[in-house]
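Notes to accompany the following structure.
Quick caveat, the model's predicted, so the values are computed rather than measured.
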Amino acid sequence: MPFLNNVSNAMSLKLSIAVGLTALSFNAFAAPNASLATTVETPGVTAPLTPAQIARAYPEDALSGAAVDEPVLLKSKGGMSIRVVKLAEGLSHPDGLVFLPGGREMLITERPGRLRLVTDGVLNPTPIAGLPALNNVGLGGLHDIVLHPDFVTNQQLYISYTKDREPETGTTLAVLRARFDEGRLKDVQDILVADAWESPLGTYGGRMVFGPDGMLYISVGDRDGTTSSDTSSARPEAQSLMNHIGAILRVREDGSAPSDNPFVNDPNAKDEIYSYGHRNVYGIAWDPNSGEMWASEFGPAGGDEINRIIPGHNYGWPLVSLGRHYSGSLVSEQPWYREGMDNPLFFWNPAFNPENMFFYSGNKFPRLKGSLMVAGAGSKTVAQMSIRGDFIKQGDTMLTELGVRFRDIREGPDGYIYLLTEGRLRGPRDTDGMLLRVEPPSPAAATASAEGAVLPNAEGKQLIQRACGSCHGVDMVIAEPRNPDDWKEVLNSMIGKGMNLSDDEYNQVLTYLTEQVRAP
């Protein structure tokens, strides 16, 4: 492997960070664990990776998480019936998914460095040829894939991947453009090599999406290869405009910066930067109704966020964070607000580990229509989020029974939901990843479910069927018995969403639920 050869021949150096915006940022805001002169060891940059670090990045093969063999019927926590179908297995950390025109074929990136074709739900065993050399240490490798808006005509696609710097040490995120022709990549060229050279043990981001304006948006991770330490050469650079670390970039189809980017006329800033101060943005989605851009951000130990992205804005990392370093210390002594930095509009507690997300627009799941659907990695959960203005609320959750990490989530042309999974965080020899399709249950299964959702006979039964069943189905009402206080909270929430009950009806429904559908 080119990287490991470089590592073995690299010289031990010392990196002294004493000047510039890095030191100024931390000193000016009195951030903890900061000084004007800090000597930081960066694995794979200032010194070769140790055998222990390499072993951690290349663990033994592992199969973890529950396999989906036959189609399985499940219910979301809110009682929605769903059917999960496995389309492909044996994938190694699949990270990006895109549907080709016509909907019969899709392309999947595997982090170790393979591009796979799925046709009519069948995985082609031979990877697609034409990819450049890449670095797949730790979380490096292939990341996301998107099609050019005019793919039908030009057959062009874009892939984000991890690039080595030879003969020097360090890695960064790059984006290639290629033509998908006769089942292989041709005319491959880098359109962007991010100025984010850091440790190969760091994170890369790499999520990509073409916006409604026809521009390509790319997330670059905070590149921190020393997450267990309170000091880092990369971490504070997310506050600098003079590199691409911790930023969302906006470029034309050829990788050049548009003239209306927020910092394009600033001689002390990178022209490609659209927003900055991010840790690791793994999800980007546009609300089709408002036209606003939203991003999910993977925090450290805690501090997972959803942000509305506004051009030129600073989202605070690492000067503002609700998380902790993996050592247990606070990232910032001022975790919520600093002048000139945007607070998240939603954050998870406990941690969710958000990955990709999208706004559901199909007709297969009426209850999800218009919702922001977010894939969770460490939480092993898919969440439904509702957004009204700047108010975000988590609603239903699902698929926790599978026990797998969700890396990507997409809406297919058929209105079904497609997911890429992995068993554990790292290990390029793991082959426990799956491609799953989530669909409504078959009519027969739905009928059986409805017949099984029988409310106990008692006064108020017809009222609860009318009040709740018309929207959610009776199966939701009895899916999870609750204690009286919890039922009251549920009922008040339903009224807040538009259910209309008189005082007498409210009391009757509450009495029925607390007496007939109570927790054991």
Side-chain angles (χ1 to χ4, degrees), residues 62-89 91 93-95 97 282-283 296 298-299 301-306 346-358 360 364-365 367-368 371-386 392-411 416-425 430 432-441 445 449 452-453 472-473 475-483 486 489-490 493 519-520:
L63 297 177
S64 56
V68 178
D69 293 323
E70 299 299 324
V72 58
L73 292 175
L74 299 174
K75 284 186 181 292
S76 68
K77 188 169 183 178
M80 181 177 68
S81 298
I82 53 179
R83 183 173 185 258
V84 182
V85 179
K86 179 181 66 180
L87 299 181
E89 62 182 351
L91 298 170
H93 302 279
D95 207 36
L97 164 67
Y282 286 135
S296 62
F298 204 114
D304 299 329
E305 305 174 356
I306 292 182
F346 182 90
F347 65 92
W348 278 275
N349 185 19
F352 185 80
N353 296 161
E355 294 282 344
N356 205 10
M357 59 188 192
F358 73 93
Y360 184 74
K364 294 294 194 297
F365 301 97
R367 286 169 56 171
L368 303 181
S371 297
L372 180 65
M373 304 300 297
V374 186
S379 60
K380 302 179 180 180
T381 300
V382 171
Q384 173 195 16
M385 316 294 295
S386 61
I392 305 178
K393 182 179 180 180
Q394 180 172 298
D396 209 351
T397 56
M398 60 197 73
L399 303 180
T400 54
E401 302 93 331
L402 301 183
V404 295
R405 296 167 55 89
F406 298 104
R407 294 290 302 183
D408 197 7
I409 184 170
R410 310 272 177 159
E411 179 180 341
Y416 297 139
I417 296 173
Y418 291 79
L419 290 153
L420 295 178
T421 78
E422 64 183 4
R424 63 179 181 182
L425 176 63
D430 294 352
D432 57 359
M434 296 181 288
L435 167 64
L436 304 177
R437 182 176 66 217
V438 179
E439 57 190 40
S449 175
H472 295 278
D475 57 348
M476 178 187 176
V477 179
I478 64 173
E480 184 180 0
R482 297 172 169 87
N483 61 45
D486 289 340
E489 182 178 342
V490 169
S493 174

Where is the tightest heavy-atom contact between [X] and [Y], given as atom of each residue plus distance?
| X | Y | value |
| --- | --- | --- |
| N356 | G283 | OD1-CA, 3.4 Å |
| V438 | F365 | O-CZ, 3.5 Å |
| L73 | P441 | CD2-CB, 3.8 Å |
| Y416 | K364 | CE2-CE, 3.5 Å |
| R83 | P440 | CB-O, 3.9 Å |

Exercise. Are S81 and K75 linked by a side-chain donor-acceptor pair shorter than 3.5 Å?
Worked result: yes
Is the shortest heavy-atom distance from the side chain of [X] to the side chain of [Y] under 4.5 Å?
| X | Y | result |
| --- | --- | --- |
| M373 | M398 | yes |
| F346 | Q394 | yes |
| L399 | I82 | yes |
| V382 | I409 | yes |
| F358 | L372 | no |

For this session: I would like to know whether F298 and N353 meet side chain to side chain contact (heavy atoms under 4.5 Å, CB included); could you show each step before the answer?
Result: CA-CA 5 Å; F298 204 114; N353 296 161; 3.4 Å; yes
Result block: side-chain N/O donor-acceptor pairs under 3.5 angstrom for residues 374-381, not counting sequence neighbours:
from: S379; atom 1: OG; to: F352; atom 2: O; distance (Å): 2.7
from: T381; atom 1: OG1; to: S379; atom 2: O; distance (Å): 2.8

[X] side, atom [atom1]; [Y] side, atom [atom2] - distance, nearest 0.5 Å:
| X | Y | atom1 | atom2 | answer |
| --- | --- | --- | --- | --- |
| L420 | L435 | CG | CG | 6.0 Å |
| T397 | M385 | OG1 | CE | 10.5 Å |
| L87 | R437 | CG | CZ | 5.0 Å |

Main-chain N/O of [Y] paired with [X] side-chain donor or acceptor, under 3.5 Å:
| X | Y | value |
| --- | --- | --- |
| R410 | L97 | yes |
| K86 | V68 | yes |
| T421 | M434 | yes |
| D304 | W348 | no |
| D396 | Q384 | no |

Problem set entry | Steps toward side chain to side chain contact (heavy atoms under 4.5 Å, CB included) verdict (M80, L368) | CA-CA 10 Å; M80 181 177 68; L368 303 181; 4.0 Å; yes
For this session: With sequence neighbours left out, write down each residue that passes salt bridge (charged side-chain N to carboxylate O under 4.0 Å, His left out) with R407, or none if nothing qualifies.
Result: D95, E355, E422
